[in-house]
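Excluded from the calculations below are hydrogen atoms, water molecules and symmetry mates; all remaining heavy atoms, backbone and side chain alike, are included. Each chain gets a letter, A, B and so on, in the order the sequences are listed, and its residues count up from 1.
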Amino acid sequence: MRTTRILALVSAGLGWAGRGAAQDSPLSIHGLGMPGRVESVRARATGGAFAAFDPLSALVEAPAASASRLTATAAIASTYLQDDFNGTTGSRRTGRFPLFQVLGSLGHGVVAGGGFTTYLDRSYRVTISDTITLGGSGQAVTDELASDGGVTDARIILARRFGRLALGAGYHLLTGSTRVDAVRRFTDTSTYRGVSQSDEIAYHGAGFSASALVTLPHLWLAGFWRSDTRLTSEVQRATVTENDLPQTVGGAIRWQPAPDVNFAASLLRRSWASAADSNAYNTTTWSAGADIRLGLPVRFGARGGDLPFGPGGKAPREFAVAVGSGLTVSQGRAVIDFAVERLRRTTTGLTETGWTFLVGLTLRP
Amino acid sequence: MTSTGRVRATVVLAIGVLTAWACVENISSPPVCPEFCPGGGIVTVESVLTGAVVRDSSFTGYRTANESFVLLASSEAPIDSRPIFETLPILTRIKIDTGTDTTTGPVVIDSVRLAFSWLRRDTTFRNVRLELYRLPIGLDSNSTLAAVIPAFGTPLRVVNLDSLLVARRDSVTGDTILSVDTVRRTVVVSLKFDSAQAPYSLADSGRVAFGVRVTADSNATLVLGSADDGRGPRMTWFNRVDSAGTLVAKAAQPRGLLFDTFVTNYSLPALDSNLTIGGIPATRTLIRFALPRSIRDSAQIIRATMLLIPTGPPPVATRDSVFLLVSHLSADVGAKSPIAADTIGAQSPVFVAGSSDTVHIEMTTLLRFWQFDTTSVNAAFLSLRALDRGLDTLRAAGAEGASFTTLRFFSSRTPAFAPALRLTYVPRVKFGVP
């Protein structure tokens, strides 16, 4: 009974948390936005190193072949970020609902699944005070430019195991929208009227992915590929722009030297440079982490690499360390995972640091 | 509670706190531009549209002298203007008894009071003297200055209004200042006529016509309220009734006007290809606007100013404080276009005619309204209004056909000096482009 109440509370909390998105950043102002994270909370606690072997992460399909029961997971993330623009500082707080995945067996060894994650986040608000020349004299103005929303990756996957080899494939529907606002206010309201414009940008796109997972004694090897087509942006049903989306290739290795000790590492390459005209870069990211059972699981890891969009002529860099654990309740039918991540992003003129607190709920009814 | 239970309770509590904390969002970043500001932001454009005013014309006859809300008196060369008015008749016989006896007796006039409103009083004028003349009855809208001027011989009364305003009451003549409204710049004056001066004529049933002339040390102008505005002169006849040689007191008989106007040597300059505004009868200019579609449909106007360039010094310039009112139309049918019944409009600053400076009229509200209501007629009347109260109110208020001031501006038929719109606007922001 107590467990039921716990699950109800967590479920209500996750539902209350709002729409899906990833960590926003001033870097999401550039290019197409800030790529979202596709790991489940337990993979995120290892810096994402185990994502390629985690059936509930949305990175690779093949591990889903090991799912024998209907399983669902969701995550909530709360991020506190501090920006330092060469002395000009600011802080932001965001609450997000970045992941939801469901898996279930279709029989004959085939597992199907689906869910959504954040593909790109385009949330920002900038308030600019300036003086412009009108009628030959300076007029003080305050501009507020804001975008709220992003692109969601909704996927459907199939996976099957063939002995030591598991194969998976997925179809990705990219959809979503951002609410954009541009407001200009004049200090001299008796002479000049303020203006405001609001619109909603709708996004459409698609992608395909495939992956393979080889299981060896105490060792797992994963390889994956994904190709996304083009992202179409529409305002009032009129296409305003189309952007190429990246190809993704990557690999990961997991080593289990002892039954309760796991180590993993991954490497990922994405061709974001073709997505925007300038200030877009191909990215290479890595992660490494461990999952050790000491009664409760102890997970930790680190990740790093490039971010695709940013000013200054070179790709912004990101580095994060994470730690987390999990709690199994209701005779194993539910798992509550939690993690905390410390991240640092750097680019020309900006150093961004922050904490992300994550809670995940996994149900196996 | 077991230790496992305490752990679970702690975890659940932590999740609850985190969940609540996650619902607070602040995504504002410090503005560090251009590196970390969105591109393609808000751009403000200033442009003078010389072709935005089209098919402009002037029409006259909107408010004639006898329809005016004021009676203009002026002896300031070259204008000679004199208010004339005729009062309603009174009862020449009144019931003697208040009971059932219907026997009447002839009225005997004891005295008469003439009250009038002195409007737009200019405190810089000195020794403004009102001369009141008795005129033959039978005034109408065809009365002219030339026809009535022979009657302006010996004045019935001459009243120094400035002196009366200081004293408030003349104990000799009985003239009184009834009220002074400094906000509306209105003074109500009551003049007394004793039985010898009382212009009672039994044959005319008490109807009496007056003419007013004004003199002053300088700037000899006087503005009186008219019956059309409910502020016209009023006569109050104090009378008794003759009952077989005994005079019985009776209630006074107040009377308004049968007719009022002012006659003048002013004549409206002939309309030509330019734009004429003001004068009497009131002349308006109909202006039609043709905004480029790119601005009307897509841009947001933050300031719109209409520029009117005078052809030269005004054809007629008085010392009246005037302003131009822009009234948008509910339909465009030319000279008889109806003015929309709302408060959306524009007006120029208050000015005194005399210079050849360009007149600027802020039109932002009106143009934004036209953007909002795409079915509305993009046309407006320009009329000249004489300021009838102080500028301490939010909007200037004034009446049309209440000043001889007549302005003339270049029309669209003179492209080099045509009316123009100076627009400050923000083109549509192109969202969605990285």
Side-chain angles (χ1 to χ4, degrees), chain A residues 6 9-10 13-14 16-18 24 26 29-32 76-78 83 85 88-90 92-96 123-129 132 134-135 143 145 147-148 180 182 184 186 191-195 197 199 201 233 235 240-241 243 276 311-312 327 329 336 338 348-350 357 359, chain B residues 1 4-5 7-46 48 298-305 360 362 364-365 367-368 422 424-434:
Chain A
I6 292 169
L9 176 62
V10 174
L14 292 176
W16 187 34
D24 70 305
I29 293 172
H30 291 270
L32 302 184
I76 181 172
S78 186
D83 304 317
F85 298 91
T88 303
T89 59
R92 288 170 292 114
R93 266 172 69 177
T94 55
R96 297 295 189 244
S123 295
Y124 57 82
R125 179 178 292 114
V126 180
T127 303
I128 307 164
S129 295
I132 61 174
L134 290 176
D143 291 350
L145 305 168
S147 171
D148 195 4
V180 284
R184 168 161 285 178
F186 287 85
T191 305
Y192 295 99
R193 307 293 177 84
V195 296
Q197 183 182 331
D199 239 318
I201 306 171
S233 304
V235 175
V240 293
T241 185
N243 297 91
L327 190 66
V329 295
I336 301 170
F338 39 89
T348 306
L350 170 65
F357 301 92
V359 175
Chain B
M1 185 181 285
T4 305
V7 170
R8 286 180 176 173
T10 304
V11 169
V12 170
L13 181 63
I15 292 171
V17 171
L18 180 61
T19 303
W21 190 48
C23 291
V24 179
E25 182 167 277
N26 169 24
I27 58 173
S28 296
S29 297
V32 179
C33 299
E35 292 83 2
F36 295 99
C37 291
I42 299 173
V43 176
T44 304
V45 178
E46 277 190 302
V48 176
S298 301
Q300 294 191 60
I301 295 171
I302 57 178
R303 187 181 186 186
T305 308
H360 297 71
E362 295 297 333
T364 312
T365 301
L367 264 71
R368 287 177 75 131
R422 185 170 66 202
T424 308
Y425 62 95
V426 174
R428 190 169 185 80
V429 179
K430 292 180 179 177
F431 289 129
V433 180

Quick one: does Val240(A)'s side chain get under 4.5 Å of Lys430(B)'s, heavy atoms only?
no
About how many Å separate CD1 of Ile42(B) and CD1 of Ile128(A), when rounded to the nearest 0.5 Å?
8.5 Å
In short, Arg184(A) meets Val43(B) closest at the heavy-atom pair NH1-C, 4.4 Å
State whether the side chain of Gln300(B) and the backbone N or O of Val195(A) hold a donor-acceptor pair below 3.5 Å, judged by distance alone.
no
For Ile132(A), which atoms come within 4.5 Å of any heavy atom of chain B: side chain, backbone, both, or neither?
side chain
With a 4.5 angstrom heavy-atom cut-off, is it the side chain or the backbone of Ser147(A) that approaches chain B, or both, or neither?
backbone
The interface call for Thr424(B) against chain A, heavy-atom contacts under 4.5 Å, is side chain
Can you list everything that forms a salt bridge (Lys or Arg N to Asp or Glu O under 4.0 Å) with Arg422(B)? Sequence neighbours excluded, please.
none
Compare all side-chain heavy atoms of Leu145(A) with those of Cys37(B) and state whether any distance is below 4.5 angstrom.
no
Pairwise side-chain contact, Leu134(A) with Glu46(B), heavy-atom cut-off 4.5 Å (strictly under)
yes
If every non-hydrogen atom of Pro38(B) is compared with every non-hydrogen atom of Val126(A), which pair is closest and at what distance?
CD-CG2, 4.2 Å
Applying a strict 4.5 Å limit to non-hydrogen atoms, the region of Thr365(B) in contact with chain A is both
Distance (rounded to the nearest 0.5 Å) between Phe36(B) CZ and Thr348(A) OG1
7.5 Å
Among Thr88(A), Asp83(A), Asp199(A), the residue with the most heavy-atom pairs under 4.5 Å to chain B is Asp199(A)
If we ignore hydrogens and angles and just use 3.5 Å, is the side chain of Glu362(B) paired with the main-chain N or O of Thr191(A) as donor and acceptor?
no
